[in-house]
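The first residue in the sequence is number 1, and the count goes up from there.
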Amino acid sequence: MRETLRQAAEGAHRPAAAFAAAQLPDECRARLDELHRDQMAPFLRALQQLDVPEPAITARLVAGVIESAMRLMESGGDPDAVTRTTLALVRAAVQPASHL
């Protein structure tokens, strides 16, 4: 996650945002969705191993937090503050069922 945010601060995720906004053919969108699912699979497995309640929902919500953090970075947000706050939010949100 830290690396993803570092890349966003450097502007490396701008092409992904452009693809998301583009009017791509359905087969291209389907392939991008597939690649994104492949990218998220290790995180989802980790959530399952941690016995996090509703791991698929948690993964999607955490992805939203990360996407928001990336947008903050790309719009000039302080990289250290955004990274620190994002990591704190994710750590607080990702708890095994036995800790809730």
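Nearest approach of Gln23 to Arg29, heavy atoms of both residues: CA-NH2, 4.1 Å. The two residues Leu24 and Cys28 have their closest heavy-atom pair at CB-CB, 4.0 Å.
Under the side chain to side chain donor-acceptor pair (under 3.5 Å) criterion, Glu34 pairs with Arg31, sequence neighbours left out. Shown here are the side chain to side chain contact (heavy atoms under 4.5 Å, CB included) partners of Ala92, two or more places apart in sequence or in another chain: there are none. Legend: residues meeting side chain to side chain contact (heavy atoms under 4.5 Å, CB included) with Asp33, ordered by chain and number and at least two apart, are Arg37. Contacts of Arg45 classified as side chain to side chain donor-acceptor pair (under 3.5 Å), with partners at least two apart in sequence or in another chain: none. The side chain to side chain donor-acceptor pair (under 3.5 Å) check on Thr85 picks up nothing, with sequence neighbours excluded.
For CG of Asp26, the number of neighbouring non-hydrogen atoms (other residues, nucleotides, ligands) closer than 6.0 Å is 12 at most.
For the atom pair Thr86 OG1 and Leu72 CG, the distance stands at 7.5 Å (nearest 0.5 Å).
The closest side-chain heavy-atom distance from Asp78 to Met73 is not below 4.5 Å.
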Can you give me every donor-acceptor pair (side chain of residues 53-70, partner residue at least two apart or in another chain, under 3.5 Å) with its distance?
{"from": "Thr58", "atom 1": "OG1", "to": "Pro53", "atom 2": "O", "distance (Å)": "3.2"}
{"from": "Thr58", "atom 1": "OG1", "to": "Glu54", "atom 2": "O", "distance (Å)": "3.1"}
{"from": "Ser68", "atom 1": "OG", "to": "Gly64", "atom 2": "O", "distance (Å)": "3.2"}
{"from": "Ser68", "atom 1": "OG", "to": "Arg71", "atom 2": "NH2", "distance (Å)": "3.3"}

